[in-house]
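Note that this is a predicted model, so its numbers are computed, not measured.
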2 protein chains.
Amino acid sequence: MGRRITPMGNTDDRTGQRIVPETTRRAERSPGNRYGNRPTMKDVAARAGVGLKTVSRVVNGEPGVTPDTERRVQEAIDALGFRRNDSARVLRKGRTASIGLVLEDLADPFYGPLSRAVEEVARSHGALLINGSSAEDPERERELALALCARRVDGLVVIPAGSDHRYLEPEIRAGVATVFVDRPAGRIDADVVLSDNFGGARDGVAHLIAHGHRRIGFIGDMPRIHTAAERLRGYRAAMEDAGIPVEDRWMSLGVTVPERVRRATQEMLSGPDPVTAVFTGNNRVTVTVVRVLAEQSRQVALVGFDDFELADLLRPGVTVVAQDAAALGRTAAERLFRQLDGGFVAPERIELPTRLVERGSGELPPAR
Amino acid sequence: MGRRITPMGNTDDRTGQRIVPETTRRAERSPGNRYGNRPTMKDVAARAGVGLKTVSRVVNGEPGVTPDTERRVQEAIDALGFRRNDSARVLRKGRTASIGLVLEDLADPFYGPLSRAVEEVARSHGALLINGSSAEDPERERELALALCARRVDGLVVIPAGSDHRYLEPEIRAGVATVFVDRPAGRIDADVVLSDNFGGARDGVAHLIAHGHRRIGFIGDMPRIHTAAERLRGYRAAMEDAGIPVEDRWMSLGVTVPERVRRATQEMLSGPDPVTAVFTGNNRVTVTVVRVLAEQSRQVALVGFDDFELADLLRPGVTVVAQDAAALGRTAAERLFRQLDGGFVAPERIELPTRLVERGSGELPPAR
DNA sequence: CGCGCACCTGACAACGTTGTCCAGGCTCTA
DNA sequence: TAGAGCCTGGACAACGTTGTCAGGTGCGCG
């Protein structure tokens with residue numbers, strides 16, 4: 001491996017001087033237990049010569065402590081490097097001020113902004129965010145969600161991988177606020193925040209039809225994924241509205257790995273009556289299809305679901321049906337805290353609109 | 001707002017039937033406290049007619065329980081919907097099986113894969129990941145890191161925003177494993193995992209020089225950010241190696257918002273002796289510069305630090321110095337767990353190599 | 001000067017779990 | 001059949017914090 005390793009001894013960024021802190025030794029962890037013998041409120045109280053509860057009051061900024069006492073306690077805190085143990089606090093108070101986010105894959109550019117939006121809302125409510133990726137595996141989603149519940153997160157934002165979420169019923173009944181995003185919950189009654197997948201896809205396909213296309217391909221994700229199914233439904237609706245009978249060979253659903261998408265695209269583009277336009281079901285598919293089309297001599301129109309960075313810089317620019325990932329996350333998180341702050345709220349299904357962004361690829365006329 | 005809201009009453013994905021679960025009512029939260037009156041081990045024990053510790057044994061799969069007793073306990077658990085309270089467990093055991101990640105911005109495509117890699121390693125060690133964005137604000141980084149310590153995360157992976165991390169010394173001494181990624185820690189002695197920013201930038205600029213360029217611009221992030229400073233240093237080194245005196249107007253450092261970058265680029269490209277090539281200091285800058293160059297009639301060579309999706313699809317393809325974000329995250333997390341599993345390890349600085357990916361934009365000859 | 005009141009302070013229990021330790025019942029052997 | 005040893009089960013304390021409540025001090029007013 002090409003990595004270079006040097007023994008430490010940092011240099012200060014600004015002065016370039018070598019810094020050797022007198023002691024940044026890790027405390028020997030006592031064998032089974034204890035956080036490296038951290039000081040507790042008891043220790044602080046002893047050192048400050050006050051009672052336990054007085055320390056608690058100072059730490060939490062509660063009233064009823066004379067300035068002099070407060071100063072003594074604060075000095076002891078600083079001297080010992082005390083930091084309140086929130087685990088114990090949580091145990092006592094019942095609220096953890098943290099929420100969980102179960103998503104599909106943090107590395108997917110669609111979920112980054114969504115996750116960030118959830119985090120911002122959480123932050124504004126003083127909560128931390130614990131998140132995990134389900135990798136599109138229902139079992140893993142379940143494990144993750146339940147692990148978060150065991151940590152007693154106050155609420156849960158879930159981007160479902162599975163289609164049966166009854167396993168969450170006991171948790172919801174026990175008071176865990178829950179909101180589903182991007183895809184609906186399966187078999188339970190809960191808040192859901194979605195994009196208008198059906199309408200967006202229909203509009204996108206209609207846009208191609210309006211530019212003269214009739215043989216239009218659809219390449220999407222596995223049909224068991226709700227968004228994929230909805231977008232396919234939108235495609236079918238647009239075609240039907242235009243009175244165009246859809247041929248089976250124009251549709252391809254399955255995993256979104258490049259190889260499959262590539263093959264599917266090539267098949268649609270070959271044969272006697274090839275498609276003259278393609279509608280792609282998500283950003284990963286779109287990117288692969290753009291690559292395939294770049295290799296074609298013939299011009300093929302393209303509209304993709306999901307916006308992506310640089311779509312405007314390609315030639316032609318890629319026309320997309322854009323959904324607002326950040327708005328999805330924000331709306332879901334706000335909904336979550338509404339549940340937490342206001343007690344029970346009847347579950348709703350919130351659908352956010354999509355937006356057709358014309359950049360050129362969708363406005364190409366049918367070739368030949 | 002264009003959102004559509006419908007009262008719930010889910011339909012099953014597969015059957016289309018309307019599902020109305022008999023009761024998914026949220027438990028009334030008792031006023032101050034309690035997790036909606038969740039059952040505890042005590043409740044389970046009472047129902048199963050066994051002792052508290054026996055329940056604990058069953059829940060944790062400890063030996064010493066007859067199959068018959070185990071079955072009774074398991075039934076009680078299922079009937080009550082019991083789930084172990086990990087907060088209490090943590091309090092007792094001292095380890096939380098969770099690690100914290102403080103990064104700059106989850107929505108940045110560079111950090112998605114990094115975060116995901118950290119998560120995977122954490123998962124393989126049975127730990128959860130709590131993360132937060134510092135938004136490049138040192139104070140917020142500090143708050144976040146300390147909040148995570150208060151939750152008693154076992155370890156911390158930090159992408160520094162600030163340049164002084166002495167505030168972490170008490171935590172490290174108390175046993176919180178800590179690894180810094182992407183940028184070094186300031187003023188403390190800790191593990192650091194970096195890309196070879198200096199070498200990568202030097203190689204990238206040398207590549208431009210090898211293709212005949214002499215007037216080469218550098219547009220980067222704020223110089224207080226370590227990576228930006230290192231990359232600038234690499235630029236200077238390459239120029240010096242080639243015996244080219246660098247002019248001040250060829251360099252522009254500052255925030256990476258599009259407006260500033262755009263202006264900086266335009267300035268370098270105008271005037272009597274404009275630059276014939278540009279080296280960009282990170283992916284956000286690169287993208288903006290690509291946009292500006294696309295508007296130019298003249299061809300300008302470009303090499304960017306950081307790879308980005310679709311760089312190969314642009315015309316010309318964008319030549320980049322690629323760093324492996326996932327490898328950074330993975331290496332850091334592995335290092336973290338090495339500390340956690342193996343006790344004290346002397347801090348090291350690990351530097352991962354970068355890779356020059358030629359795609360065309362860096363191989364353009366100087367215009368005119 | 002004495003009483004009452006306000007204001008501080010601290011002892012104590014409780015949160016839900018796990019580690020320790022002991023009791024009781026069983027089996028196996030001498 | 002008695003004793004030893006093993007296996008199972010449960011009582012109890014402890015983890016570090018916060019809510020409750022009662023005690024103590026000092027001050028003002030009658």
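- For B:Ser115, the side-chain hydrogen bond (donor to acceptor under 3.5 Å, both in side chains) criterion is met by no residue, not counting sequence neighbours.
- Here the C1' atom of nucleotide D:dC15 and the CG atom of A:Asp43 are 13 Å apart, to the nearest Å.
- A donor-acceptor contact shorter than 3.5 Å links the side chain of A:Arg72 to the backbone of A:Ala48.
- Following rounding to the nearest Å, A:Asp86 (CG) and D:dT17 (P) show an atom-to-atom distance of 9 Å.
- With rounding to whole Å, A:Lys42 atom NZ is found 14 Å from C:dA13 atom P.
- Computed from C1' positions of five pairs at each end, the angle between the two local axes of the helix from C:dC1-D:dG30 to C:dA30-D:dT1 equals 50°, rounded to 10 degrees.
- In this structure, CZ of A:Arg89 is placed 21 Å from P of C:dA14, rounded to the nearest angstrom.
- Salt-bridge check for A:Arg335 with A:Glu348: passed, with a basic side-chain N closer than 4.0 Å to an acidic carboxylate O.
- Identified under the salt bridge (Lys or Arg N to Asp or Glu O under 4.0 Å) test for residues 124-134 of chain A, with sequence neighbours left out: none.
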Checklist entry - Is there a side chain to side chain contact (heavy atoms under 4.5 Å, CB included) between B:Tyr167 and B:Leu146 once you walk through the steps? => result CA-CA 9 Å; B:Tyr167 69 87; B:Leu146 289 180; 4.0 Å; yes

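- With hydrogens and angles ignored, the 3.5 Å screen pairs no side-chain donor or acceptor of B:Arg151 with any backbone N or O of A:Asp86.
- Every residue two or more places apart in sequence or in another chain was checked for a ring pair (Phe, Tyr, Trp, His ring centres under 6.0 Å) with B:Tyr111, and none qualifies.
- Within the 4.0 Å cut-off from OP1 or OP2 of C:dG16, not a single side-chain nitrogen or oxygen of A:Arg92 is found.
- Of the residues in residues 52-68 of chain B, those with a non-hydrogen atom less than 4.0 angstrom from any atom of DNA chain D are B:Lys53, B:Thr54, B:Arg57, B:Gly64, B:Val65, B:Thr66.
- A:Arg151 has its CZ atom 18 Å from the P atom of C:dG16, to the nearest Å.
- Considering only side-chain N and O atoms, B:Lys93 lies under 4.0 angstrom from the phosphate OP1 or OP2 of C:dG19.
- For the ring pair (Phe, Tyr, Trp, His ring centres under 6.0 Å) test, no residue two or more places apart in sequence or in another chain qualifies with A:Phe82.
- Taking atom CG of A:Leu91 as the reference point, atom P of C:dA13 lies 17 Å away to the nearest angstrom.
- A straight line from CG of A:Asn85 to C1' of D:dT18 spans 13 Å, rounded to a whole angstrom.
- The distance between atom CZ of B:Arg72 and atom P of D:dG10, rounded to the nearest whole Å, is 8 Å.
- Ring planes of B:His165 and B:Phe180: perpendicular class, angle over 60° (limits at 30 and 60°).
- Contact annotation: A:Thr40 side-chain N/O to D:dC15 OP1/OP2 distance is not under 4.0 Å.
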